[in-house]
Amino acid sequence: MTVESTAARTPRRSAGSKAGTKRTTRTTKKSAEPALVQLLTPEGKRVKNPEFDKYVAGITAEELRGLYRDMVLTRRFDAEATSLQRQGELGLWASLLGQEAAQIGSGRALRDDDYVFPTYREHGVAWCRGVDPTNLLGMFRGVNNGGWDPNGNNFQLYTIVIGSQTLHATGYAMGITKDGADSAVIAYFGDGASSQGDVAEAFTFSAVYNAPVVFFCQNNQWAISEPTEKQSRVPLYQRAQGFGFPGVRVDGNDVLANLAVTKWALERARGGEGPTLIEAFTYRMGAHTTSDDPTRYRGDEERLAWEAKDPILRLRRYLESSNHADEGFFEELETESEALGKRVREAVRAMPDPDHFAIFENVYADGHALVDEERAQFAAYQASFADADGGK
Ligand SMILES: Cc1ncc(C[n+]2csc(CCOP(=O)(O)OP(=O)(O)O)c2C)c(N)n1
Ligand SMILES: [Mg+2]
């Protein structure tokens with residue numbers, strides 16, 4: 001699969017059509033792959049896009065450096081978490097390697113009062129929301145069931161049940177409409193999740209209730225070992241058409257394009273135009289999780305082709321060629337990255353083991369007879385060790 005510049009090939013809107021509606025059906029003439037929105041080529045060249053340029057038109061050099069910093073620090077954090085799993089400090093880790101632009105671009109398009117419903121891989125979005133990265137690691141270490149207050153940063157807890165968060169997001173968005181507020185909701189999910197019944201229901205309800213929700217699908221080409229070809233006969237963004245709302249494919253490795261397209265979709269949501277599906281066409285450069293071995297089901301060629309489209313490298317090229325960042329900036333960032341890695345390592349190792357009885361907390365708000373019984377059984381079981389140890 002190729003990611004190509006679409007500056008000239010992004011379909012034109014016909015007079016009077018809403019942004020995105022035509023885009024749902026067009027394919028390019030040159031290849032079977034549909035057009036995708038791209039503002040930065042893999043070589044770091046800024047290409048014009050008549051429809052989406054305006055969403056990043058006023059971006060400053062400082063903001064561009066900020067996007068770069070976000071991506072670099074997120075990747076550094078992610079690499080540290082992978083290492084910590086290998087060192088036995090975490091039980092599991094789901095790396096976002098390669099998906100930094102999709103997450104930082106969309107994450108930085110959000111307003112503070114918007115609400116995010118993530119999967120388990122949205123470490124970059126969490127970063128944009130201001131969730132301390134160390135808080136993401138408790139669940140993966142097995143010392144808590146979440147690690148942050150969802151309402152603190154309008155960032156829901158990680159969701160492992162594939163696709164279910166799209167329904168939660170839709171319900172939340174319907175609630176926003178009832179409250180008469182103008183905030184929006186974004187639900188993240190993967191290419192594999194797009195086949196789930198929950199996602200189809202979320203699409204149906206959000207369309208019918210005109211809910212202010214953006215469905216952000218990171219098509220990283222794989223659902224564990226299943227390639228995207230096995231999920232759908234049509235490109236994923238085209239699924240929206242059947243539900244009656246626009247879908248758009250964006251170059252998932254282009255942070256500017258993700259920022260622009262997500263701003264557009266959020267604007268639609270706030271303006272009462274209902275849901276949008278964004279398919280960020282990207283690549284999972286690492287394993288599904290640290291329990292997975294991708295060499296069993298995919299070759300190096302694919303990975304190498306996508307490495308050439310690295311999201312961080314392309315923004316660096318742009319920053320350098322446009323003189324928006326100097327060597328000092330990159331050096332300082334390197335130091336900051338190392339400090340983040342160290343902070344994360346130390347924080348994980350210092351996480352206290354939970355009290356054994358914590359597992360019974362927060363199951364029900366007001367307690368439950370069955371949970372009480374299980375707690376009592378567990379207490380007796382624990383006490384039996386004390387007896388075996390001579391009562392010590
Ligand atoms: C309902 C449900 N079915 C199966 C699983 C097991 N599972 C975990 S991740 C995954 C693949 C998800 O792929 P995708 O949606 O593409 O997201 P990605 O992991 O690539 O980010 C599956 C099948 C699950 N967690 N929940
Ligand atoms: Mg996937």
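Values below: every heavy atom of this structure, side chains too, minus hydrogens, waters and symmetry copies. Remember, it's 1-based here, ligands and their atoms both numbered in the order they're listed. None of the values given here were measured: they were computed from a predicted structure.
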Next on the checklist: Suppose the cut-off is 2.8 Å; which protein N/O/S atoms would you list for the Mg ion (ligand 2)?
Outcome noted: D191 OD1, N220 OD1, W222 O
Checklist entry - Where on I162 is there a heavy atom closer than 4.0 Å to ligand 1, on the side chain, on the backbone, on both, or on neither? => result both
Checklist entry - Is R284 close to ligand 1, meaning an N/O of one under 3.5 Å from an N/O of the other? => result no
Item to check | Heavy atom of the protein closest to atom 11 (C) of ligand 1 (residue, atom name, distance) | outcome: I224 CG1, 3.7 Å
Item to check | Protein heavy-atom partner closest to atom 25 (N) of ligand 1 - residue, atom, separation in Å | outcome: I160 O, 2.9 Å
Checklist entry - When you look for heavy atoms under 4.0 Å from ligand 1, do you find them on the side chain of W222, its backbone, both, or neither? => result backbone
Checklist entry - Where the side chain of T262 meets the backbone of L259, is there a donor-acceptor pair that is under 3.5 Å apart? => result no
Checklist entry - Counting only heavy atoms, which portion of Y120 has something under 4.0 Å from ligand 1: side chain, backbone, both, or neither? => result side chain
Checklist entry - Where's the contact between H288 and ligand 1, heavy-atom distance under 4.0 Å: side chain, backbone, both or neither? => result side chain
Next on the checklist: Just to confirm my output: which protein heavy-atom neighbour is closest to atom 16 (O) of ligand 1, and how far is it?
Outcome noted: G192 N, 2.8 Å
Item to check | Y158 ring center within less than 6.0 Å of W148 ring center | outcome: yes
Item to check | Backbone or side-chain N or O of V161 under 3.5 Å from ligand 1 N or O | outcome: no
